[in-house]
2 protein chains.
Amino acid sequence: MSAGILDGLRVTEVSAFIAAPMGGMTLAQLGAEVIRIDPIGGNIDYRRWPLAPSGSSIYWASLNRGKRSVALALNTPEGQELARALIARPDAPGETGGILLTNLPTAGWMSHEALSRHRADLIMLRLTGNHDGSGAVDYTVNCASGFPIATGRDAAPVNHVLPAWDIAAGLYLSTGLLAAERARRKDGQGREVTLALSDVMLASVGNLGYLADVQVNGTVRPPMGNDLYGALGRDFTTRDGRSVMIVAISNRQWRAIGKATGLTEKFAMIGPMMEVDLDTEGGRFQARGAIFALLEAWCAARSLAEIGAAFGGSGVLWGPYQDFGQLLAEDPRCSEANPMFGRIDQPGLGTILAPAGPLGFSNPEGLGQDRLPPRPAPSLGQDTDQVLAEVLGLSGAAIGKLHDAGTVAGPVSFDTPLPR
Amino acid sequence: MSAGILDGLRVTEVSAFIAAPMGGMTLAQLGAEVIRIDPIGGNIDYRRWPLAPSGSSIYWASLNRGKRSVALALNTPEGQELARALIARPDAPGETGGILLTNLPTAGWMSHEALSRHRADLIMLRLTGNHDGSGAVDYTVNCASGFPIATGRDAAPVNHVLPAWDIAAGLYLSTGLLAAERARRKDGQGREVTLALSDVMLASVGNLGYLADVQVNGTVRPPMGNDLYGALGRDFTTRDGRSVMIVAISNRQWRAIGKATGLTEKFAMIGPMMEVDLDTEGGRFQARGAIFALLEAWCAARSLAEIGAAFGGSGVLWGPYQDFGQLLAEDPRCSEANPMFGRIDQPGLGTILAPAGPLGFSNPEGLGQDRLPPRPAPSLGQDTDQVLAEVLGLSGAAIGKLHDAGTVAGPVSFDTPLPR
């Protein structure tokens, strides 16, 4: 197993919540050394729910796996000086640093301008709420996106539970960081890379055609429950009270449904009845009411297991609905049978199944797939002393003085009361 | 305006639908030359709904902006030979190619092994449905994720309308591509990079802590409507029948709500009444019913405009719900007032407002922000002749012969009937 495809890349992260931590974790999963700097006692996300019985935040531990943790008194000039030294240190041979990833306010010592005085080729990625720097979070971006109004069966807004904009923003950050680092290797120049969470939403709404549909056709996509738009698909209830999603996009998938259910001949009656061509996506969408009626009855007469047996190997595009517990208990993709998963010993949580990064890389030496196994998140400040020694070359005595002065902190137990 | 931060990078894309085209478009928006190769007549996504009155697919035109389009008879050895030449051509000075991005089946000529015989350092990104190579799409991945069961007010599954897994997969592809290209510049080695759409889902469910919550606490997150989990937030209806999302994550945001609504004193009664500490996220979450009751009444007595006036500049984290039409009509972030947006002349759609990529890069020469403006999608085969001449050095006569033999095609009008 190699060190990961981004071995030698060093990223400093000053962050909270989902998007920036996800961006940093994505790079750590590819082998970058990601040092998350937090204030002593933790940042605002350090006790975010859900919590384990130990008091550890499951949320924090899940979004910061594979990173190193350094705790500094960021509200003091001395703490800021250490953070700046970590961020802007010149590269040692074989390593590439000078990269800061943040979604926190960057006025003062943490501005690109201030940090660039210490390292001219600094790359800084800065996530804001809106493009003008004003605040927004996934929830307040999502409500504006149009999707909650288009979700569900009526005009009442239905929020997604998945923080999709945060996830996309995190992955735009990892893409933008690697793009800026590539450019720096060619021209030697540092850059400030900016990304607004609401721009991620707006770009996505545009990329998916919703803005053009309004402009060109005057069409505002209405809520359609779980029906696909422009193709065939919906959820169906099984005899044993489970649900399945059945989809046909290609003609081959459509024919597979007829064959696997034995409904081919009945489906053939629908085309003339509804006056559409069922060998087109649009035709099937227009006739979906009649097609769904047949599939509803077929699913209602069968258990999930029977449907799985009928569809297995048939070419039907389908899947069972699962809650988070069923996903873990019933889906073999969510187990060590999937090479993405492994077991980690997570401080505060115990030994748990956890995913590595989803990207796999063929190993040029033919030694199997080049993917780092999942690693636990650090406890807060776990790596403070080691990073100060390794990266800044501080002596044990110097580090001891920093502890005595309250400028740095070692591992913080979850039993320590939070400062208010 | 520079050529974009990825200037000189060439990516060939053989793709359909959302994820891989989004990955390629993201790179094109950063200045990479992205050549999308399609079969003559278009791939399976070429007529995907919604359509413009011209017959153009708004979907296709929105997901392929800024690319070049080449149409080849991919079902013939001659067409495959041209595609292979475009993918595996040695680099000219100042350019970096030898990169293929695909979400289509890659057996035969398009396998990494076959293509690597023509260019040993080939990087190939391959998106599959599941990690074992079996098929899955956003809809059938999403149903398994747990989120539809946790969405809405009861156990009935509610699908998201946003193809969130496709978007995340596209951005993992752009991240993975840049990571593999970075490694190649260090070690000269090509790689096959694999990504499964269901692994993107599974990794995200794990990254957000849902899998650990089941394992550590035995907790399966239930549907809670539009309530935030573990913090304060929900949708509220205004006097004029609109909806707003109001959120407080930090204590500062919580106090801002009290101040802007004048409800501070009433909020103060809730802490003792519910026996929680309202200066904690968890306390506010536990007492949310009482807090929501006050906010419901406050919002119901005010119009959206009045609420906007009360919250403007107050530090309250909030936003209006908007459908796709209101987003375009009412939200200044979705207009040319936002530097991400511009107008493009899109063949088949007319002149429309469209987003550029959301990442902005400071220009090292101080010439403003280094972001390419939005560019239209090509018409199918628009660049066939030019790419064959430029990239493969073919003469006009040779290209003419390829047209005569039906091996390549120029621009395809949307009036041309699709081959079945």
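Source: prediction; values computed, not measured. All values below were derived from every heavy atom in this structure, side-chain atoms included, with hydrogens, water molecules and symmetry-related copies excluded.
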- With Tyr172(A), which of Leu177(A), Val200(A), Leu125(A) fulfils side chain to side chain contact (heavy atoms under 4.5 Å, CB included)? Val200(A)
Heavy-atom proximity to chain B below 4.5 Å, by part of [X]:
X: Asp331(A); result: side chain
X: Leu63(A); result: both
X: Ser198(A); result: side chain
X: Leu171(A); result: both
X: Pro148(A); result: side chain
X: Leu349(A); result: both
X: Ala169(A); result: neither
X: Asn217(A); result: side chain
X: Thr237(A); result: neither
X: Met22(A); result: side chain
X: Arg153(A); result: neither
X: Ile18(A); result: side chain

[X] portion near chain A, given a 4.5 angstrom heavy-atom threshold:
X: Val247(B); answer: side chain
X: Glu281(B); answer: side chain
X: Val193(B); answer: both
X: Thr219(B); answer: neither
X: Asp235(B); answer: side chain
X: Ala354(B); answer: neither
X: Met224(B); answer: neither
X: Ser204(B); answer: side chain
X: Ser243(B); answer: side chain
X: Ala61(B); answer: neither
X: Glu181(B); answer: side chain
X: Ile167(B); answer: side chain
X: Asn142(B); answer: neither
X: Ile246(B); answer: neither

Heavy-atom pairs under 4.5 Å with chain B are the metric here; pick the option from [options] that has the most.
options: Thr151(A), Leu30(A), Thr140(A); result: Thr140(A)
options: Ser145(A), Ala155(A), Gly8(A); result: Ser145(A)
options: His160(A), Gln346(A), Gln322(A); result: Gln322(A)
options: Ile58(A), Leu51(A), Val216(A), Asn226(A); result: Asn226(A)

Under 4.5 Å, counting heavy-atom pairs only, tell me which of [options] racks up the most with chain A.
options: Val214(B), Val220(B), Leu328(B), Val161(B); result: Val161(B)
options: Cys143(B), Gly152(B), Gly209(B); result: Cys143(B)
options: Ala212(B), Ala164(B), Pro21(B), Gly135(B); result: Ala212(B)
options: Val244(B), Asp45(B), Leu9(B); result: Leu9(B)

Rounded at 0.5 Å granularity, tell me how far [atom1] in [X] sits from [atom2] in [Y].
X: Asp132(A); Y: Asn338(B); atom1: CG; atom2: CG; value: 9.0 Å
X: Leu211(A); Y: Phe324(B); atom1: CG; atom2: CZ; value: 8.5 Å
X: Asn159(A); Y: Arg234(B); atom1: CG; atom2: CZ; value: 11.0 Å
X: His112(B); Y: Thr194(B); atom1: NE2; atom2: OG1; value: 10.5 Å
X: Arg47(B); Y: Ser56(B); atom1: CZ; atom2: OG; value: 8.5 Å
X: Leu317(A); Y: Tyr139(B); atom1: CG; atom2: OH; value: 10.0 Å

Would you indicate whether the side-chain heavy atoms of [Y] and [X] approach each other to under 4.5 Å?
X: Leu208(B); Y: Pro163(A); result: yes
X: Phe341(A); Y: Leu202(B); result: yes
X: Leu162(B); Y: Val205(A); result: no

- Could you check whether the rings of Phe147(B) and Trp165(B) sit parallel, tilted or perpendicular, using 30° and 60° as the cut-offs? tilted
- Item | Asp279(A) backbone acceptor or donor facing Asn251(A) side chain under 3.5 Å | yes
- Item | Step-by-step side-chain hydrogen bond (donor to acceptor under 3.5 Å, both in side chains) determination, Arg65(B) to Asn207(A) | CA-CA 9 Å; Arg65(B) 291 191 305 267; Asn207(A) 295 345; 2.7 Å; yes
- Message: Working note: Ser174(B) + Thr26(B), criterion side-chain hydrogen bond (donor to acceptor under 3.5 Å, both in side chains); need CA distance, chi angles, decisive distance, verdict.
- Response: CA-CA 7 Å; Ser174(B) 57; Thr26(B) 299; 4.9 Å; no
- Identify whether NZ of Lys or CZ of Arg in Arg191(A) sits under 6.0 Å from the centre of the six-membered ring of Phe361(B) and within 45° of that ring's axis. no
- Test the Arg221(B)-Tyr229(B) pair against the cation-pi criterion, namely NZ or CZ under 6.0 angstrom from the six-membered ring centroid and within 45° of the ring axis. yes
- Specify the closest pair of heavy atoms between Cys334(B) and Leu353(B), including all atoms of both residues, with the distance to one decimal. O-CD2, 3.6 Å
- Message: Working note: Phe285(B) + Trp49(A), criterion ring-ring contact (aromatic ring centres under 6.0 Å, His included); need CA distance, chi angles, decisive distance, verdict.
- Response: CA-CA 10 Å; Phe285(B) 176 67; Trp49(A) 285 24; 5.5 Å; yes
